[in-house]
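Read the structure below first, then the notes.
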Amino acid sequence: MRLSRLFFTSLRDDPSDAEMPSHRLLVRAGYVRQLGSGIYSLLPLGFRATRRVEQVIREEIDGIGGQEMEMPVVHPAELWRESGRYQKIGPELVRFHDRGGRDMVLAMTHEEVVADLTRDLIRSYRQLPVIVYHFQTKFRDEPRARGGLIRVREFVMKDSYSIDVDEAGLDRSYRLHYEAYERIFRRLGLETVAVGADVGIMGGSLAHEFMVLNEYGEDTLVLCETGDYAANQQIAQVRKPEPPAEAVLPIEEVATPGTDTIAALAGFLGVGTDRTAKAAFFTTANGRLVTAIVRGDFEVNETKLVNAVKAVGGIRPAHREEIKAAGMEPGYGSPVGARDTVVVVDDLVARSPNLVAGANRAGFHLRNVNVGRDFQPDVLADITNARAGDPCPRCGAAVELRNGIEVGNIFKLGRDFTTALGATLLAEDGSRVHPIMGSYGIGLGRNLACIVEAHHDEKGIVWPAEVAPYAAHLVELGGDRDPSVRETAERLHDAAAEAGREILWDDRPESPGVKFTDAELLGMPWILTVSPRSLKAGGVEVRERAGGESRIVPVEEAEGLLTGRQAVPA
RNA sequence: CGGGGCGUGGCGCAGCUUGGUAGCGCGUAUCGUUCGGGACGAUAAGGUCGUGGGUUCAAAUCCCGCCGCCCCGACCA
């Protein structure tokens with residue numbers, strides 16, 4: 001490809017709205033352009049790189065028996081009503097109607113379609129197991145896009161789906177995907193850690209997220225320093241401290257003016273935050289008030305809380321009036337004397353004697369509050385966030401908290417979708433059963449961005465060979481003055497193209513500085529320079545973008561390198 | 001949805017406080033000189049100042065509404 005013909009431009013200045021290196025570089029180097037918030041075009045360079053990512057995924061999913069297909073982006077709303085998600089999912093699901101007034105949705109994922117096809121196509125256990133997949137556009141009207149390609153609203157995802165007769169089959173399909181994902185991310189040059197994850201609105205029984213560590217990551221990961229435990233903080237369970245063994249003391253009210261935070265309260269009373277009980281208030285989608293009680297030295301984990309009360313549709317922070325209506329006082333709240341609220345108590349609080357808790361009266365707290373004696377929990381569960389330094393649940397070593405970006409996930413869906421849609425088949429024993437599904441996603445654009453996050457330097461992108469849009473970047477200098485330079489460049493370019501390994505040939509009439517700078521910005525693995533000087537020195541200058549020394553090789557050798565007939569020089 | 005910021009030629013920005021009809025750098029086009037690390041000179045093109053309304057003799061500038069984009073939070077199969 002001649003750079004002079006490429007539909008692109010590089011920018012000298014960083015785009016003002018880009019913060020993450022991947023966003024900055026992909027825009028500056030002419031790989032992508034933004035069309036709207038969370039909506040991007042892939043320019044030819046970006047599209048080529050994405051296709052190479054896609055090909056790696058295709059090879060590995062084909063390798064575990066996946067069958068590639070394609071499902072639509074526009075779905076009849078009826079299908080989503082059948083699964084129940086039309087009602088369950090909020091504005092993230094785009095709804096519209098066609099000219100006939102029929103309700104339609106834009107696909108945010110494709111479980112419904114797979115389940116629909118399953119009930120249509122699968123009659124017998126003999127047809128299973130099946131893994132199908134496609135690369136298809138998803139639209140999710142996220143409340144906020146961010147980070148360039150990291151969190152967008154429209155994106156292409158590889159999503160595969162497994163259909164099995166029983167749990168053992170699902171286990172196998174899940175394991176196959178787990179291993180395929182490890183191979184995919186290794187080939188893409190991504191170091192990932194697989195963490196246990198919340199199953200969320202998908203339901204199901206088990207999920208892993210493949211995470212790359214990144215300071216801009218939106219997820220918090222709980223990682224054991226010995227490497228034997230890794231989980232998303234949403235579900236991470238660590239060992240909790242042992243509360244002091246004390247005799248239960250009589251409850252007493254104490255004036256604590258101006259202490260509407262735990263820190264202020266502990267300071268005022270001169271006790272540790274671990275001797276206090278913190279109340280946090282939430283409201284469920286159907287209007288129930290949830291009072292969560294954790295010890296003052298811990299934070300409420302909302303995912304765990306949602307799961308503890310099985311709050312379909314999630315929870316939001318409660319309003320002051322809602323709290324007061326339940327007989328509690330914001331800032332000085334506790335379940336002591338409360339009514340009309342679901343009291344969820346963290347297991348550690350239940351074991352901790354004589355805590356300081358709110359008196360439900362502004363400016364007052366209660367000393368020596370004890371769960372069971374002074375109030376009754378409706379639900380007892382682990383509802384706290386793991387903290388840095390807490391003991392690993394497996395080995396007791398300290399865990400650390402790191403930010404991560406989810407580059408892939410795998411879910412054991414179970415039978416929810418096939419049951420809801422009425423997909424059945426005849427099992428070996430003649431019984432009619434609902435098949436069991438798994439769902440497995442990898443977002444292409446996000447992976448591309450994460451690759452750039454992991455492979456760049458101050459000058460630009462440094463593509464791993466497996467995903468580089470072109471294998472090499474040929475810098476031609478002085479070709480307009482020296483015909484032999486132009487001829488050599490053309491020969492290398494054509495030879496590579498004929499061998500099926502197209503390279504990028506900078507034939508623009510630009511100064512050397514501009515060309516070298518762009519070559520480094522665009523990031524092809526090999527940078528070759530042809531110039532009167534290089535020819536005089538014996539051929540073509542060859543340099544590895546990743547940082548190798550440059551050296552002169554004869555033209556024939558350069559040609560061999562580009563066509564793959566000759567091994568890459570050491 | 002709450003908080004903050006921004007919107008001025010393709011890109012990055014100044015001008016706004018104190019109203020007087022738009023400027024800088026880069027890029028682009030043509031010509032010439034250069035030619036191994038973002039060259040130099042000359043000439044030129046290119047802007048409804050996001051948008052609607054208001055105030056005013058006069059609005060990029062002041063006031064109000066709306067839209068868009070970015071960041072933080074909420075949210076996130």
Side-chain angles (χ1 to χ4, degrees), chain A residues 8-20 23-24 27-28 30 33-39 80 83 85 88-93 107-112 138-148 150-153 155 157 159 161 197-204 207 209 216-220 232 234 282 285 302-303 306 313-317 319 405-406 408-411 413 416-417 439-441 443 446 459-460 475-482 485 506 508-521 527 529-537 541 543 550:
Chain A
F8 105 117
T9 189
S10 59
L11 302 176
R12 287 200 179 211
D13 301 307
D14 282 332
S16 61
D17 55 4
E19 297 213 331
M20 289 184 70
H23 187 196
R24 210 162 31 80
V27 172
R28 265 193 66 194
R33 277 294 183 276
Q34 183 172 14
L35 185 60
S37 183
I39 306 177
W80 286 69
S83 72
R85 290 160 116 190
K88 226 182 279 181
I89 297 180
E92 198 178 345
L93 176 66
M108 24 191 300
T109 173
H110 285 79
E111 282 82 11
E112 276 81 359
K138 309 283 181 276
F139 194 92
R140 300 176 184 182
D141 199 358
E142 300 280 355
R144 180 152 93 79
R146 74 182 99 194
I150 293 298
R151 184 168 202 76
V152 293
R153 297 193 295 168
F155 59 100
M157 174 184 262
D159 39 328
Y161 302 88
D198 183 47
V199 294
I201 195 169
M202 304 288 304
E209 294 167 339
Y216 295 94
E218 301 182 88
D219 289 275
T220 302
N232 194 308
Q234 292 177 329
F282 300 90
E302 290 191 28
T303 302
V306 165
I315 55 175
R316 60 161 172 83
H319 303 134
I405 300 172
E406 181 187 343
N409 61 33
I410 54 179
F411 271 96
L413 282 181
D416 291 356
F417 285 91
S439 131
Y440 317 87
R446 182 182 285 187
K459 292 177 172 172
V475 176
E476 172 203 306
L477 298 179
D480 50 342
R481 283 166 286 122
D482 185 340
V485 167
D506 192 349
R508 299 174 302 173
E510 292 288 350
S511 71
V514 170
K515 291 190 169 195
F516 285 133
T517 306
D518 271 348
E520 281 150 349
L521 178 63
I527 298 175
T529 307
V530 188
S531 68
R533 186 198 285 186
S534 79
L535 290 179
K536 208 166 176 184
E541 203 172 293
R543 195 173 108 224
S550 86

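Naming convention: chains lettered A, B, ... in sequence-line order (proteins, then strands); numbering from 1 in each chain.
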Between G52(B) and G68(B), how far is it from one P atom to the other, in whole Å?
-> 16 Å

For G15(B) versus C76(B), give the span between their P atoms, rounded off to a whole number of Å.
-> 42 Å

Paired to A60(B) by Watson-Crick or G-U wobble criteria (both distances under 3.5 Å) is none

Would you say the side chain of E476(A) lies within less than 4.5 Å of the side chain of R508(A), judging by non-hydrogen atoms?
-> no

Using purine N1 to pyrimidine N3 plus N6-O4 or O6-N4 for Watson-Crick, or N1-O2 and O6-N3 for G-U wobble, each under 3.5 Å, what pairs with U30(B)?
-> A42(B)

Between C1' of C71(B) and CD1 of I150(A), the distance in whole Å | 16 Å

Does the base of C76(B) carry an N or O that pairs as donor and acceptor with the side chain of R151(A) under 3.5 Å?
-> yes

Heavy atoms under 4.0 Å, any strand shown: does M157(A) hit a base, just sugar-phosphate, or nothing?
-> base

Quick one: pull up CG in D14(A) and CG in D17(A) and give me the separation to the nearest 0.5 Å.
-> 10.5 Å

Could you let me know what C49(B) is paired to, Watson-Crick or G-U wobble, both distances under 3.5 Å, or none if it's on its own?
-> none

Gap between atoms CZ and P, on R24(A) and G12(B) respectively (whole Å) | 14 Å

Output the distance between atom CE (M20(A)) and atom CZ (R146(A)), rounded to the nearest 0.5 Å.
-> 11.0 Å

When the P atoms of G65(B) and G10(B) are considered, how many whole Å apart are they?
-> 30 Å

Should P532(A) and V485(A) count as side-chain neighbours, where that means a heavy-atom distance under 4.5 Å?
-> yes

E142(A) has an atom CD; how far is it from atom P of C72(B), in whole Å?
-> 14 Å

Considering every strand shown, what is the Watson-Crick or G-U wobble mate of U55(B) when both distances are under 3.5 Å?
-> none

P gap between G5(B) and C40(B), integer Å | 39 Å

Reckon G147(A) touches a base, only the sugar-phosphate, or nothing at all at heavy-atom distances under 4.0 Å?
-> sugar-phosphate

What is the distance, rounded to the nearest whole Å, between atom CZ of R146(A) and atom P of C69(B)?
-> 15 Å

Atom P, compared across U18(B) and C75(B): separation rounded to whole Å | 42 Å

Take the protein atom NE2 of H23(A) and the nucleotide atom C1' of C70(B), then report the distance between them rounded to whole Å.
-> 9 Å

Round to a whole Å and report the spacing from OH of Y216(A) to P of C71(B).
-> 11 Å

If we take the P atom in both G46(B) and A22(B), what is their distance in whole Å?
-> 14 Å

Residue whose nearest RNA chain B nucleotide is more 5′ - N409(A) or Q34(A) = Q34(A)

Taking the same atom, C1', in A74(B) and in U56(B), what whole-Å distance lies between them?
-> 43 Å

In the 5'-to-3' direction, what one-character label does each nucleotide of nucleotides 31-43 of chain B receive under the scheme B = base within less than 4.0 Å of a protein heavy atom, S = sugar-phosphate only, - = no such atom?
-> ----BBBBS----

Let me know the distance between CG of D17(A) and P of C71(B), rounded to the nearest Å.
-> 8 Å

Excluding sequence neighbours, so at least two apart, what forms ring pair (Phe, Tyr, Trp, His ring centres under 6.0 Å) with Y440(A)?
-> H177(A)

Taking only residues two or more places apart in sequence, or in another chain, which ones meet E520(A) in a side-chain contact (heavy atoms from CB on, under 4.5 Å)?
-> K459(A), I527(A), R543(A), R545(A)

Assign A107(A) to base, sugar-phosphate, or nothing according to its heavy-atom contacts below 4.0 angstrom with the strands shown.
-> nothing

From R28(A) atom CZ to L11(A) atom CG, the distance as rounded to the nearest 0.5 Å | 7.5 Å

Report which part of the nucleic acid G36(A) touches: base, sugar-phosphate, or nothing (heavy-atom distance under 4.0 Å, all strands).
-> sugar-phosphate

Could you state the interatomic distance from CZ (R24(A)) to CD (E19(A)), rounded to the nearest 0.5 Å?
-> 10.5 Å

Scan every strand shown for a Watson-Crick or G-U wobble partner of G25(B), both distances under 3.5 Å, and answer none if you come up empty.
-> C11(B)

Counting any heavy atom closer than 4.0 Å, what does D14(A) reach on the DNA or RNA strands: base, sugar-phosphate only, or nothing?
-> sugar-phosphate

Is there a Watson-Crick or G-U wobble partner for G68(B) with both distances under 3.5 Å, and if so, which one is it?
-> C6(B)

Inter-nucleotide P distance (G7(B), G53(B)), Å rounded | 22 Å

CG/N232(A) to OG1/T220(A) distance, rounded to the nearest 0.5 angstrom?
-> 7.5 Å

Under 4.0 Å between a side-chain N or O of S37(A) and OP1 or OP2 of C70(B)?
-> yes

Taking atom P of C75(B) as reference, at what distance in whole Å does atom CD of Q234(A) sit?
-> 10 Å

